[in-house]
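To keep things clear, I will list the structure first and then write my remarks on it.
All values below come from the heavy atoms of this structure, side chains included, with hydrogens, waters and symmetry mates left out.
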Amino acid sequence: MAFPILMYWLIHKEKWFVKCLLPMAITESGITEDILATARCSIDHAKIKSAMPRNESCKNLCRYQNPVLVMAAENDCLFPARGVLLKAGKVWPQSERYLLKDRGHINELTIEEKKMIIDFLRCNGGNTFEY
């Protein structure tokens with residue numbers, strides 16, 4: 001991702017912008033106009049740190065006792081589902097865990113997955129949403 005983003009910053013060609021997103025989206029078809037616009041705002045205006053946020057200790061995470069829904073993408077290059085879902089199950093036995101199969105860091109949720117989030121919020125004290 002480093003070389004394409006550097007090229008995009010230097011010459012502002014769209015092809016380099018798309019190439020810097022590909023490791024997260026897996027395919028160009030996974031980069032919708034909404035995702036492209038959001039990513040452009042992040043890349044053009046946000047200060048990107050060279051290191052990811054630190055891992056929170058299991059001891060601290062275990063303190064959270066409320067219901068948790070964890071959705072993780074199988075092919076996420078930043079937060080692979082296998083590790084995310086495994087850790088979530090250990091620290092939050094009360095969690096609902098869901099694998100976003102064959103998807104990367106950037107992806108679109110299906111209608112059923114969006115409904116899953118809404119239902120989770122409804123059952124756990126969230127507001128009522130229309131979709």
### For T38, all residues meeting side-chain contact (heavy atoms from CB on, under 4.5 Å), sequence neighbours excluded
none

### Task
Output all residues satisfying side-chain contact (heavy atoms from CB on, under 4.5 Å) with I11, sequence neighbours left out; order by chain, then residue number.
M7, K13, W16

Residues 80-92, side-chain donor-acceptor partners within the protein, below 3.5 Å, at least two apart:
from	atom 1	to	atom 2	distance (Å)
K87	NZ	E56	O	3.0
W92	NE1	L61	O	2.9

Taking atom [atom1] of [X] and atom [atom2] of [Y], what is their separation to the nearest 0.5 Å?
{"X": "Y64", "Y": "S95", "atom1": "OH", "atom2": "OG", "answer": "11.5 Å"}
{"X": "N107", "Y": "I31", "atom1": "CG", "atom2": "CD1", "answer": "12.0 Å"}
{"X": "L36", "Y": "L21", "atom1": "CG", "atom2": "CG", "answer": "6.5 Å"}
{"X": "C58", "Y": "R63", "atom1": "SG", "atom2": "CZ", "answer": "12.0 Å"}
{"X": "E96", "Y": "C123", "atom1": "CD", "atom2": "SG", "answer": "8.0 Å"}

#### Entry: Partners passing ring pair (Phe, Tyr, Trp, His ring centres under 6.0 Å) against Y8 (at least two apart in sequence or in another chain)
H12, F17

### Task
With sequence neighbours left out, write down each residue that passes side chain to side chain donor-acceptor pair (under 3.5 Å) with E113, or none if nothing qualifies.
Y98, R103, T110

### Residue list, side chain to side chain donor-acceptor pair (under 3.5 Å) with E14, at least two apart or on another chain
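In terms of side chain to side chain donor-acceptor pair (under 3.5 Å), with neighbours along the sequence ignored, E14 is linked to R40.
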
### Message
Show, in sequence, the C-alpha distance, side-chain angles and deciding distance for D119 and M116, and conclude whether the side chain to side chain contact (heavy atoms under 4.5 Å, CB included) test is met.
### Response
CA-CA 5 Å; D119 290 346; M116 184 185 304; 5.9 Å; no

### Query
How close do V68 and N66 get, heavy atom to heavy atom, and via which atoms?
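For V68 and N66, the tightest heavy-atom pair comes out as CG2-O, 3.3 Å.
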
### Message
Donor-acceptor pair, distance only, cut-off 3.5 Å: does the side chain of E112 make one with the backbone of L109?
### Response
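No, E112 side chain to L109 backbone: no donor-acceptor pair under 3.5 Å.
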
### Query
Among pairs that include at least one residue of residues 68-80, which meet side-chain hydrogen bond (donor to acceptor under 3.5 Å, both in side chains), considering only residues two or more places apart or in two chains?
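side-chain hydrogen bond (donor to acceptor under 3.5 Å, both in side chains) check on residues 68-80 returns D76-H105.
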
### Task
Taking atom CD of E33 as the centre, report whether more than 12 heavy atoms of other residues, nucleotides or ligands fall under 6.0 Å from it.
no

### Query
Do L99 and M71 have side chains that get closer than 4.5 Å, going by heavy atoms?
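Not touching, per the 4.5 Å side-chain cut-off.
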
#### Entry: salt bridge (charged side-chain N to carboxylate O under 4.0 Å, His left out) against E108, all qualifying residues, sequence neighbours excluded
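Salt bridge (charged side-chain N to carboxylate O under 4.0 Å, His left out) check on E108 returns nothing, list empty.
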
